[in-house]
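Have a look at the structure below before the remarks.
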Amino acid sequence: MQNRIKEFREKKGLSQGKLADLCNVSRQTINAIENNKYDPSLQLAFKLAKTLGVTVDNLFLNGEEN
């Protein structure tokens with residue numbers, strides 16, 4: 001599943017580490033999600049969206065929306 005986490009994170013001026021701290025996960029988790037190597041749990045997806053000030057459907061794209 002493709003995502004726009006890096007785009008929204010950079011717009012907010014957040015590092016991967018800071019976003020990870022805000023979401024109570026490791027920086028490596030954020031890196032893996034941004035690089036499409038790991039799909040977050042539904043709970044983490046909602047937490048990421050809330051932290052970045054967007055909706056989950058704006059943050060994650062299914063294959064047909066690329």
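Numbering of residues begins at 1 and proceeds along the displayed sequence.
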Taking only residues two or more places apart in sequence or in another chain, which ones pass side-chain contact (heavy atoms from CB on, under 4.5 Å) with [X]?
X	value
Asn35	Asn31, Lys37
Asn36	Gln2, Asn3
Glu7	Arg4, Lys11
Ser15	Lys18

Requested in this report: Only pairs at least two apart or in different chains count here, so list each salt bridge (charged side-chain N to carboxylate O under 4.0 Å, His left out) that has a residue in residues 26-35.
Outcome: Arg9-Glu34
Query raised in the report: Out of Thr29, Val25, Ile5, which residue meets the side-chain contact (heavy atoms from CB on, under 4.5 Å) rule with Leu19?
Result: Ile5
Side-chain polar contacts of residues 43-53 - donor-acceptor pairs under 3.5 angstrom, sequence neighbours left out - could you list them?
from: Thr51; atom 1: OG1; to: Lys47; atom 2: O; distance (Å): 2.8

Query - Distance (rounded to the nearest 0.5 Å) between Gln16 CD and Gln28 CD - result: 9.0 Å
